[in-house]
Trainee: 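To start, I am sharing the structure in question, which I have written as structure tokens.
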2 protein chains.
Amino acid sequence: MQADVLAVLRRRDAPMSAYEVLDRLRDGNSRLAPPTIYRALAALIEGGRVHRLESLKAFVACKCEQHGHVPIFSICKECGTVEEAVSRRITNELSRIAGQSGFAPARHVIEVHGQCARCESKEAPA
Amino acid sequence: MQADVLAVLRRRDAPMSAYEVLDRLRDGNSRLAPPTIYRALAALIEGGRVHRLESLKAFVACKCEQHGHVPIFSICKECGTVEEAVSRRITNELSRIAGQSGFAPARHVIEVHGQCARCESKEAPA
DNA sequence: GAGTTCATGTTATATTATAACCTATCTTGC
DNA sequence: GCAAGATAGGTTATAATATAACATGAACTC
């Protein structure tokens with residue numbers, strides 16, 4: 001099931017809601033309920049192979065080689081595509097800030113909403 | 001209504017769900033429905049006086065003097081308290097990363113989950 | 001093959017959020 | 001004053017997201 005869910009997510013580079021994944025998988029198997037999908041997603045996220053975009057309530061397959069990093073997502077509000085980046089500077093600076101108050105970070109959520117280069121140039125084709 | 005919602009949020013330093021706010025306000029006024037609360041929250045967020053914690057689906061009053069900054073939240077998974085920080089370095093670095101791919105940032109979501117100093121010392125009182 | 005474990009199925013429901021439409025109040029210019 | 005528009009909020013209904021709780025079945029263990 002995890003493999004099926006991951007395959008569906010990988011066929012898109014835009015995020016999908018859990019119910020979109022569900023609908024997509026129901027094409028072949030009508031007896032499929034939300035908990036099945038949410039369980040698979042939870043396991044995939046645990047393993048770092050899928051990320052949840054908190055601000056979109058949606059999920060994407062991880063595009064990085066190595067999992068276990070801190071992902072930084074750029075989310076285009078026009079076309080919905082998502083880029084995944086990594087920055088040690090950001091991770092370090094967040095640790096530094098947390099350290100000032102003795103906070104022990106366990107999980108980071110970094111999401112940037114905006115407009116990708118492609119959509120920007122379409123909108124204002126100078 | 002915005003004032004009422006803001007007052008409720010300010011009485012706590014932990015995040016509240018929209019429905020917690022609703023219940024709290026219903027104490028005095030039983031005829032109050034979700035859209036009313038969500039509208040007030042939307043306006044407050046627009047004005048920078050309230051933030052939505054995306055990863056918690058919850059809301060907090062902004063604690064900063066000046067609104068319009070990029071807030072960085074530290075969320076304690078034990079006690080639920082939230083600290084709000086600002087870092088120009090992070091903002092700059094995020095802009096730099098975005099710039100590399102021509103992405104135009106409009107809104108930032110930065111949330112760090114972990115354990116606050118207080119809860120850490122309680123748990124392992126060395 | 002009885003007992004255990006693990007993934008998944010199943011049913012029901014909780015939680016979060018918004019659409020669509022209505023009503024009241026305020027405001028502004030005449 | 002009062003019509004016209006603007007704005008906030010009320011009301012009803014429902015959409016979208018997520019999980020609890022329990023049942024089933026296959027696979028493995030001894």
Trainee: Measuring only between side-chain heavy atoms, which start at C-beta, is A/L94 closer than 4.5 Å to A/P105?
Mentor: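 No, their side chains stay 4.5 Å or more apart.
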
Trainee: What is the distance, rounded to the nearest whole Å, between atom CG of A/L22 and atom C1' of C/dT10?
Mentor: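 It is 13 Å, rounded to the nearest whole Å.
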
Trainee: Give the rounded distance in Å between these two atoms: CE of B/M16 and P of C/dT16.
Mentor: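 So the two atoms are 12 Å apart, to the nearest Å.
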
Trainee: Would you say A/R24 and A/R11 make side-chain contact, with heavy atoms under 4.5 Å?
Mentor: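 Yes - at least one pair of side-chain heavy atoms lies under 4.5 Å apart.
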
Trainee: What are the two closest non-hydrogen atoms of A/L9 and A/V60, and how far apart are they?
Mentor: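 Closest heavy-atom pair between A/L9 and A/V60: CD1-C, 4.4 Å.
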
Trainee: Over how many whole Å does the gap from B/L56 atom CG to D/dA18 atom C1' extend?
Mentor: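 Going from CG in B/L56 over to C1' in D/dA18 covers 15 Å.
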
Trainee: Nearest whole angstrom, please: distance from the P of C/dC6 to the CD of A/Q2.
Mentor: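 Nearest whole value for this atom pair: 14 Å.
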
Trainee: Mind calculating the distance between CG (A/L53) and C1' (D/dA16) to the nearest angstrom?
Mentor: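 Distance, rounded to whole Å: 17 Å.
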
Trainee: Using atom CD of B/E20 as one end and atom P of C/dT16 as the other, report the distance to the nearest whole Å.
Mentor: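 Taking CD of B/E20 and P of C/dT16, I get 7 Å after rounding.
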
Trainee: So, under a plain 3.5 Å distance rule, would you say the side chain of A/Y19 forms a donor-acceptor pair with the base of D/dA18?
Mentor: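 Indeed, a donor on one side and an acceptor on the other fall under 3.5 Å apart.
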
Trainee: Distance check: side-chain N/O of A/T36 vs OP1/OP2 of C/dT8, anything under 4.0 Å?
Mentor: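 For C/dT8, OP1/OP2 do not have a side-chain N/O of A/T36 under 4.0 Å.
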
Trainee: Tell me which of B/P35 and B/K57 sits closer to the 5' end of DNA chain C, going by the nucleotide each one is nearest to.
Mentor: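 With B/P35 and B/K57 compared, the 5'-side residue is B/K57.
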
Trainee: Please determine whether salt bridge (Lys or Arg N to Asp or Glu O under 4.0 Å) holds for the pair A/R107 and A/E54, giving the CA-CA distance in whole Å, both sets of side-chain angles, and the decisive distance to 0.1 Å.
Mentor: CA-CA 13 Å; A/R107 180 186 156 226; A/E54 303 288 346; 2.4 Å; yes

Trainee: Any side-chain donor paired with an acceptor under 3.5 Å for B/S101 and A/E83?
Mentor: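 On atom types as modelled, these side chains do not qualify, holding no pair under 3.5 Å.
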
Trainee: Any protein N or O atoms within reach of nucleotides 21-27 of chain C? Criterion: under 3.5 Å, listing atom names and distances.
Mentor:
none

Trainee: B/I37 CD1 to D/dT12 P: how many Å, rounded?
Mentor: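 About 17 Å, once rounded to whole Å.
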
Trainee: Can you check whether B/F73 and B/H51 have ring centres sitting under 6.0 Å from each other?
Mentor: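 Yes, close enough.
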
Trainee: Output the rounded distance in Å from CE (B/M1) to C1' (D/dA8).
Mentor: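 Rounded to the whole Å, the gap is 9 Å.
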
Trainee: Evaluate the side-chain proximity of A/C79 to A/R118: yes if any heavy-atom separation is below 4.5 Å, no if none is.
Mentor: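 Heavy-atom side-chain distance check fails, nothing below 4.5 Å.
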
